[in-house]
Participant: 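I am attaching a structure below and will ask some questions about it afterwards.
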Amino acid sequence: QVQLVESGGGLVQPGGSLRLSCAASGSIFRINNMGWYRQTPGKQRELVAVITSGGSANQLDSVKGRFTISRDNAENTVYLQMNSLKPEDTAVYYCNAQIVNFGGLYGMDYWGKGTLVTVSS
């Protein structure tokens with residue numbers, strides 16, 4: 001089994017910063033892509049940022065220049081540094097990872113439980 005645990009969410013004022021972390025543990029042979037998604041009530045979950053095992057990253061246009069995704073492969077951890085936060089960034093942020101289990105042939109999607117980010121004055 002695999003578990004993804006997010007941390008770092010909270011309440012910040014507009015213009016503030018937060019750093020989200022997501023640590024994967026369990027039956028992990030290799031982690032391919034890792035990413036962060038977010039969702040607000042009544043809206044579709046959307047991809048915020050994704051990073052490949054080799055370190056190539058893509059971000060949602062609205063967060064480019066403000067958010068930075070990174071990963072520490074030795075620790076099976078992905079981070080999302082969020083700067084210049086705006087009220088519209090308020091959402092539950094979910095960690096996603098494509099993980100190849102021991103004995104597996106391909107990566108399967110795993111999800112964290114989510115961490116709430118609230119940007120409000």
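Note that the coordinates shown come from a computational prediction; the quantities given were computed from them, not determined experimentally. Only this structure's heavy atoms are used, side chains among them; waters, hydrogens and symmetry mates stay out.
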Participant: Given side chains that start at C-beta, do those of Ile31 and Asn73 come closer than 4.5 Å, heavy atoms only?
Facilitator: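 Ile31 does not reach Asn73 side chain to side chain.
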
Participant: Any non-hydrogen side-chain atom of Phe67 less than 4.5 Å from a side-chain atom of Leu18?
Facilitator: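 Contact flag for Phe67/Leu18 side chains = no.
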
Participant: Excluding sequence neighbours, so at least two apart, what forms ring-ring contact (aromatic ring centres under 6.0 Å, His included) with Tyr37?
Facilitator: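 ring-ring contact (aromatic ring centres under 6.0 Å, His included) list for Tyr37, sorted by chain: Trp111.
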
Participant: Measure across Ser53 and Asn33 and return the closest heavy-atom pair with its distance rounded to 0.1 Å.
Facilitator: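 The answer is N-OD1, 4.4 Å.
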
Participant: What ring-ring contact (aromatic ring centres under 6.0 Å, His included) pairs are there with at least one residue in residues 1-21, not counting sequence neighbours?
Facilitator: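 For residues 1-21: none.
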
Participant: Measure the spacing between CD of Gln81 and CG of Leu20 and express it to the nearest 0.5 Å.
Facilitator: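 One gets 9.0 Å once the value is rounded to the nearest 0.5 Å.
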
Participant: Closer than 3.5 angstrom, by distance alone: can the side chain of Gln1 be matched with the main-chain N or O of Gly26 as a donor-acceptor pair?
Facilitator: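 No; zero donor-acceptor contacts below 3.5 Å.
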
Participant: Applying salt bridge (charged side-chain N to carboxylate O under 4.0 Å, His left out) as the test, list every pair that has at least one member in residues 70-87; sequence neighbours left out.
Facilitator: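 Matches after skipping sequence neighbours: none remain.
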
Participant: Considering non-hydrogen atoms only, spot the tightest contact between Arg66 and Ser84 and give its length.
Facilitator: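 Looking at all heavy atoms of both residues, the closest pair is NH1-O, 3.0 Å.
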
Participant: Between the main-chain N or O of Tyr93 and the side-chain N or O of Thr115, is there a donor-acceptor pair closer than 3.5 Å?
Facilitator: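 No, because the side chain of Thr115 does not come within donor-acceptor range (under 3.5 Å) of the backbone of Tyr93.
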
Participant: Which value, rounded to the nearest 0.5 Å, describes the distance between Asn76 atom CG and Ile99 atom CD1?
Facilitator: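 Rounded to the nearest 0.5 Å, the CG-CD1 separation comes out at 7.5 Å.
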
Participant: Pair Ser17, Asn83 - check side chain to side chain donor-acceptor pair (under 3.5 Å), show working.
Facilitator: CA-CA 4 Å; Ser17 297; Asn83 300 323; 2.9 Å; yes

Participant: Among residues two or more places apart or on two chains, list those pairs meeting disulfide (SG to SG under 2.5 Å) that have a residue in residues 1-106.
Facilitator: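 Matches after skipping sequence neighbours: Cys22-Cys95.
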
Participant: Is there a chain of hydrophobic side chains (I, L, V, M, F, W, Y, each step under 4.5 Å between heavy atoms) that links Ile28 to Leu4?
Facilitator: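 Yes; tracing contacts between hydrophobic side chains, which count when under 4.5 Å, links both residues.
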
Participant: Evaluate Asp109 against Gln98 for side-chain contact (heavy atoms from CB on, under 4.5 Å), listing each step before the verdict.
Facilitator: CA-CA 5 Å; Asp109 278 335; Gln98 295 173 335; 3.2 Å; yes

Participant: Output all residues satisfying salt bridge (Lys or Arg N to Asp or Glu O under 4.0 Å) with Lys64, sequence neighbours left out; order by chain, then residue number.
Facilitator: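 Testing Lys64 for salt bridge (Lys or Arg N to Asp or Glu O under 4.0 Å), a comparison that skips the adjacent residues, returns Asp61.
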
Participant: Would the number of heavy atoms belonging to other residues, nucleotides or ligands and lying under 6.0 Å from CD of Gln44 be above 12?
Facilitator: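 Open.
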
Participant: Nearest 0.5 Å please: distance from the CG atom of Leu105 over to the CZ atom of Phe29.
Facilitator: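 If we round to the nearest 0.5 Å, Leu105:CG and Phe29:CZ are 11.0 Å apart.
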
Participant: Which residues pass the side chain to side chain contact (heavy atoms under 4.5 Å, CB included) test with Leu11, sequence neighbours left out?
Facilitator: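 Leu11 satisfies side chain to side chain contact (heavy atoms under 4.5 Å, CB included) with Thr118, Ser120 only.
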
Participant: If you look at every heavy atom in Ile69 and Gly35, which pair is closest and at what distance?
Facilitator: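 Of all heavy-atom pairs spanning Ile69 and Gly35, the closest is CD1-CA, 4.2 Å.
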
Participant: A side-chain contact here means heavy atoms from C-beta on lying under 4.5 Å apart; do Gln59 and Val48 qualify?
Facilitator: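 SC-SC contact between Gln59 and Val48 ruled out.
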
Participant: Check whether any side-chain heavy atom of Asn32 sits under 4.5 Å from a side-chain heavy atom of Val100, and report yes or no.
Facilitator: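 Yes. Closest side-chain heavy atoms under 4.5 Å.
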
Participant: Could you list the cluster mates of Tyr79? Members are the ILVMFWY residues connected by side-chain heavy atoms closer than 4.5 Å, either directly or through other members.
Facilitator: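 Noted: Tyr79 shares its cluster with no other residue.
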
Participant: Excluding sequence neighbours, so at least two apart, what forms side chain to side chain contact (heavy atoms under 4.5 Å, CB included) with Ser25?
Facilitator: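 Ser25: side chain to side chain contact (heavy atoms under 4.5 Å, CB included) contacts with Gln3.
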
Participant: Looking at residues at least two apart in the chain, or sitting in another chain, which of them share a side chain to side chain contact (heavy atoms under 4.5 Å, CB included) with Tyr106?
Facilitator: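 Scan of Tyr106 (side chain to side chain contact (heavy atoms under 4.5 Å, CB included), adjacent residues dropped) gives Met108.
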
Participant: Side chain to side chain donor-acceptor pair (under 3.5 Å) with Tyr110: which residues, sequence neighbours excluded?
Facilitator: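 Per chain and number, Tyr110 pairs via side chain to side chain donor-acceptor pair (under 3.5 Å) with Asn101.
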
Participant: Return the set of residues passing side chain to side chain contact (heavy atoms under 4.5 Å, CB included) with Val92 (not counting sequence neighbours), or none when no residue passes.
Facilitator: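 Counting only residues at least two positions away or on another chain, Val92 forms a side chain to side chain contact (heavy atoms under 4.5 Å, CB included) with Tyr94, Leu116.
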
Participant: Can you pull the salt bridge (charged side-chain N to carboxylate O under 4.0 Å, His left out) pairs that have at least one residue in residues 22-41, sequence neighbours excluded?
Facilitator: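 Every pair satisfying salt bridge (charged side-chain N to carboxylate O under 4.0 Å, His left out) with a residue in residues 22-41: Arg38-Glu46, Arg38-Asp89.
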
